[in-house]
Asker: 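Would you mind keeping the following structure in view while I ask a few things?
Lettering follows sequence order; numbering is per chain, from 1. The analysis underlying the following values was restricted to heavy atoms, covering all of them including side chains, and did not include hydrogens, waters or symmetry mates.
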There are 2 protein chains.
Amino acid sequence: MATIKDVAKLAGVSISTISRVLNAPDKVTKEKRERVLRAIEQLKYHPNALARGLIHKKTKTLGILIPDISNYYYAEMFRGMEDAAQEFGHNIIICNTDKDKQRMISALRSMKEKQIDGFVFTSEPVYPDYYDIFNQLGMPVVLASTQSLEYAIPSVKIDDEQAGFDAAQYLIDCGHRRIAMISGPHLDPIAGMSRLQGFMRAMRTNELDFDSARCVEFGNYRYDDGYAAMERLWNKNPELTALFAASDEMALGAIYFLYRSGIRVPDQVSVLGLDNTRIASMSLPRLTTVAQPIYEIGYKAVRTLQEVLDGAGPPTLRTYLPHQIVTRDTVKNVNGEIF
Amino acid sequence: MATIKDVAKLAGVSISTISRVLNAPDKVTKEKRERVLRAIEQLKYHPNALARGLIHKKTKTLGILIPDISNYYYAEMFRGMEDAAQEFGHNIIICNTDKDKQRMISALRSMKEKQIDGFVFTSEPVYPDYYDIFNQLGMPVVLASTQSLEYAIPSVKIDDEQAGFDAAQYLIDCGHRRIAMISGPHLDPIAGMSRLQGFMRAMRTNELDFDSARCVEFGNYRYDDGYAAMERLWNKNPELTALFAASDEMALGAIYFLYRSGIRVPDQVSVLGLDNTRIASMSLPRLTTVAQPIYEIGYKAVRTLQEVLDGAGPPTLRTYLPHQIVTRDTVKNVNGEIF
DNA sequence: CTGAAAGCGCTTACAG
DNA sequence: CTGAAAGCGCTTACAG
């Protein structure tokens, strides 16, 4: 492969001049510039970004840590990240962590060695030891779909507590009273507990009594979790008329359980999801759900990281993007009906 | 950030020795080695991979060109790629091309400058001008979910023609005679035309007459395409009893059209998809489909690229991974029924 | 405007 | 076993 020296030789100038036509073209006379450009073209010269990065201490490469790109939620978010990166001339190195600490550490070490300019950390809480690692590495970081109350790290997500509240309120407004929830795991303070807390706040606000032992089950956001959780829920609480699931996948899993049990959705039980991944509109019946601006979360997270890198003043510490209920076919308005 | 010089100073040795404990530890006396290791630990030293890459002309990073990571099919395939990369110590730079030539070219240029060791090109045919670009860049390439008959580029995919054949044969074995297909686009020789050709071969082999004008519609693999194609198909051919769609998403779109038209699946019309993305098992009714080993295609493509990089002899030029029909709830066996 | 030189952070023969 | 030196491919003051 041709290097800057080859181009210099062919064009009959010094390597400094080659560098100048690439980085500050108008510092070079037109005649030489064109000669150089021709040589570059002729040799199919591509500047070596490693050499450049070594000098500038910038690589225009960003790191993304994501639990699992084959998860639809992250796939959509990642698309937003990549678009933002591409738009501003960055490349992305991505790593799936499966929420595994060792995998994350080794990915981060590898990214550090490759001199990425900064990274986005997705979906997991920032535990103290994670924070120590971030600090040691000394690279800018932005959180996507998670946040930290303890540490001053910029984050982009929806207001999960409010989303949980709005979900319950929506079902209540549709006339439901005996409402259950399939929540995320206890161990997930972000998308797990916050949504549940919002949900319970709405129940309290509406003075509906609510026995969490009978009305809440837990799952890890996946389809199978939703199916199993619905089964447990139904066994202890067959009077419920509406369900809120903390993810679309769990909502679909729950619907499948109900379907197999001969319980009609939404006639007998209404189901409300959360996320609005594309499956929500491709399933049957089409899922009513609390939509997250998934793509935008990814896009905004990378934009925020870029702002940090540009050093253009401190970015907003906590950005909350709006969620919104998308009405489709799985929630029935039962106002006026007699039970 | 600490450099090799800082470590050398702290440990009281030369930088050569630091380099040796990192790359060939047993060439260094135990005593010095431990002193160095302690200094590395103390300074939180991370070697700079740019400097290393500049010398070795290897970066241990791979490029992936994919049409759209938010597409479920690619998301699953990409997971396989990333796992293979990680397993063998590579990182991945990914770029979404949207099948746009300019985007692809600029991504490739950028990856070239960053000195990736090789790349995987996904899903699109290798047009002559693409081949020229690959050649100019001079980087090893492997094709995933596409192939080239003209050029000697290693590829990994299913046998699409045979998959189309097997799909039709399966429906025929289930007793269907009036079968239609929603194919991929005319312009897609790989997943579009091959599957259709296989489908038509099966019809001929079984001596079923087949009017392609009445029995085939086209779409771009997406849900909405499937819906629209099914509508056109039904308008001109309401006698059909079975449908094969060239993607799961189109199958689901078709099912939604049938559902809205009051046509029951599979009682009145059977539907067979292709891909077996996770939506196939999360939709209702659960979709019977021709499963591609999606994850494995991605995994194997990266493995093949790594073999090329290792220079361990020429890899298999064309790898076909097995497909298989996954029976669920959308295809009815009508043998013995009277029409 | 242009070129020679120093330097980015490493690795790798080459002496000793 | 260990260190000094050259070099990977660039950029950037510094002279001229």
Asker: Does B:Lys57 put a side-chain nitrogen or oxygen below 4.0 Å from OP1 or OP2 of D:dG9?
Answerer: yes

Asker: Mind telling me whether A:Phe121 and A:Tyr130 have parallel, tilted or perpendicular rings, with 30° and 60° as the class edges?
Answerer: perpendicular

Asker: Just N and O in the side chain of B:Ser19: are any of them under 4.0 Å from OP1 or OP2 of C:dT11?
Answerer: yes

Asker: Using a heavy-atom cut-off of 4.0 Å across all strands, would you classify B:Thr29 as base, sugar-phosphate, or nothing?
Answerer: sugar-phosphate

Asker: Side-chain N or O of B:His46 less than 4.0 angstrom from OP1 or OP2 on C:dG9?
Answerer: no

Asker: Toward the 5' end of DNA chain D, which comes first, A:Arg52 or B:Val28, by nearest nucleotide?
Answerer: B:Val28

Asker: Check whether the ring centres of A:Phe119 and A:Phe134 lie less than 6.0 Å apart, and answer yes or no.
Answerer: yes

Asker: Does B:Arg278 qualify as a cation-pi partner of B:Tyr72, given the criterion of NZ or CZ under 6.0 Å from the six-membered ring centre and within 45 degrees of its axis?
Answerer: no

Asker: Quick one: is B:Lys5 getting a side-chain N or O under 4.0 Å of the C:dC8 phosphate, OP1 or OP2?
Answerer: yes

Asker: Counting any heavy atom closer than 4.0 Å, what does B:Ile15 reach on the DNA or RNA strands: base, sugar-phosphate only, or nothing?
Answerer: base

Asker: Measure the shortest side-chain to side-chain distance between A:Val302 and A:Val120 over non-hydrogen atoms and say whether it is less than 4.5 angstrom.
Answerer: yes

Asker: Looking only at side chains, do B:Asn91 and B:Thr61 share a donor and an acceptor under 3.5 Å apart?
Answerer: no

Asker: Give A:Leu50 one of three labels, base, sugar-phosphate or nothing, depending on what nucleic acid heavy atoms sit under 4.0 Å from its own.
Answerer: nothing

Asker: Convert the base pairs of DNA chain C into dot-bracket notation, remembering that pairs crossing earlier ones are written with [ ] and that bases paired across to another strand are shown as |; include only Watson-Crick or G-U pairs under 3.5 Å.
Answerer: |||.||||||||.|||

Asker: C:dG3 phosphate, OP1 or OP2: any side-chain N/O from A:Ser14 under 4.0 angstrom?
Answerer: yes

Asker: Would one find a side-chain N or O of B:Asn23 under 4.0 angstrom from OP1 or OP2 of C:dT11?
Answerer: yes

Asker: Check this one for me: any side-chain N or O of A:Lys30 less than 4.0 Å away from OP1 or OP2 of C:dC1?
Answerer: no

